[in-house]
Amino acid sequence: MSKTITSKIELNVELDENRVPEKLHWSAEDGGVTNEEAKAIMLSVWDSKAQETLKIDLWTKDMPVDEMKLFFHQTLVTMSDTFMRATQDEKMTATMKDFCDYFAEKLELKKNN
């Protein structure tokens, strides 16, 4: 029997008195990341029993709106790439990429993002 390996990803959230995130830090030591600061985090977890997505969306109160727009755009592009790897559905991936282009155009994001 093969030996199992456990890897840990840790998220730390510092909240103000109103429970609004002030600071976000994350660590993934197997990936060489230790207590790195982040301004936003989106985490999705699939609950197979309930057939639903559980999610955590956090951003610090000092996250600039222009960076949030870039964060969303880059996340959508990454989701398109992940969808392709997971499903091999080229037609829907192309549709998702078209939406990413539309999203970037409407928000007047730079072409290289």
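Nothing fancy with the numbering, it's 1 onward along the sequence.
- Side-chain atoms of Glu67 never come within 3.5 Å of backbone atoms of Met63 as a donor-acceptor pair (strictly under, hydrogens ignored).
- Taken from CH2 in Trp26 to CG in Asn35, the straight-line distance is 11.5 Å, to the nearest 0.5 Å.
- Side-chain atoms of Thr93 and Gln88, non-hydrogen and from C-beta on, never get closer than 4.5 Å to each other.
- Nearest heavy atoms, Leu43 versus Asp57: N-OD1, 4.5 Å.
- Within 6.0 Å of CZ on Phe72 lie no more than 12 heavy atoms contributed by other residues, nucleotides or ligands.
- In terms of heavy-atom proximity, Asn18 sits nearest to Asp16 at N-OD1, 2.8 Å.
- The environment of CE in Met42 is crowded: more than 12 heavy-atom neighbours from other residues, nucleotides or ligands sit within 6.0 Å.
- In the displayed structure, Met68 atom CE is contacted under 6.0 Å by more than 12 heavy atoms of other residues, nucleotides or ligands.
- Taking the side chain as every heavy atom from C-beta outward, Ile56 and Ile41 never approach each other to under 4.5 Å.
- No donor-acceptor pair under 3.5 Å is formed between the side chain of Ser27 and the backbone N or O of Glu29.
- Under the 3.5 Å distance criterion, with hydrogens and angles disregarded, no donor-acceptor pair is assigned to the side chains of Asn12 and Glu14.
- Going from atom NZ of Lys69 over to atom CD of Glu108 covers 8.5 Å, rounded to the nearest 0.5 Å.
- The shortest heavy-atom contact between Leu58 and Leu24 is O-CD1, 4.0 Å.
- Two residues are said to be in side-chain contact when any heavy atoms from C-beta on lie closer than 4.5 Å; His73 and Cys100 meet this criterion.
- Side-chain atoms of Met92 and Phe83, non-hydrogen and from C-beta on, do get closer than 4.5 Å to each other.
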Quiz item: Please walk me through it: do Val77 and Lys97 pass side-chain contact (heavy atoms from CB on, under 4.5 Å)?
Solution: CA-CA 7 Å; Val77 170; Lys97 294 281 188 181; 3.8 Å; yes
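- No more than 12 heavy atoms of other residues, nucleotides or ligands shown are found within 6.0 angstrom of CD on Glu90.
- Inter-residue side-chain proximity for Trp59 and Lys39 is flagged as unmet; no heavy-atom pair is nearer than 4.5 Å.
- A distance of 10.0 Å separates CE in Met84 from CG in Asp81, rounded to the nearest 0.5 Å.
- Minimum heavy-atom separation, Gln51 to Ser48: NE2-O, 2.7 Å.
- Linking ILVMFWY residues whenever their side-chain heavy atoms come closer than 4.5 Å, directly or via other members, places Leu107 and Leu76 in the same cluster.
- The structure places OG1 of Thr60 at 11.5 Å from CG of Leu15, a figure rounded to the nearest 0.5 Å.
- Linking ILVMFWY residues whenever their side-chain heavy atoms come closer than 4.5 Å, directly or via other members, places Val45 and Val13 in the same cluster.
- Here the side chains of Lys61 and Glu22 are in contact, with some heavy-atom distance below 4.5 Å.
- Counting non-hydrogen atoms of other residues, nucleotides and ligands closer than 6.0 Å to CD1 of Ile9 gives a total of 12 or fewer.
- A salt bridge does not link Lys8 with Asp30: every distance from a Lys NZ or Arg NE/NH1/NH2 to an Asp or Glu carboxylate oxygen is 4.0 Å or more.
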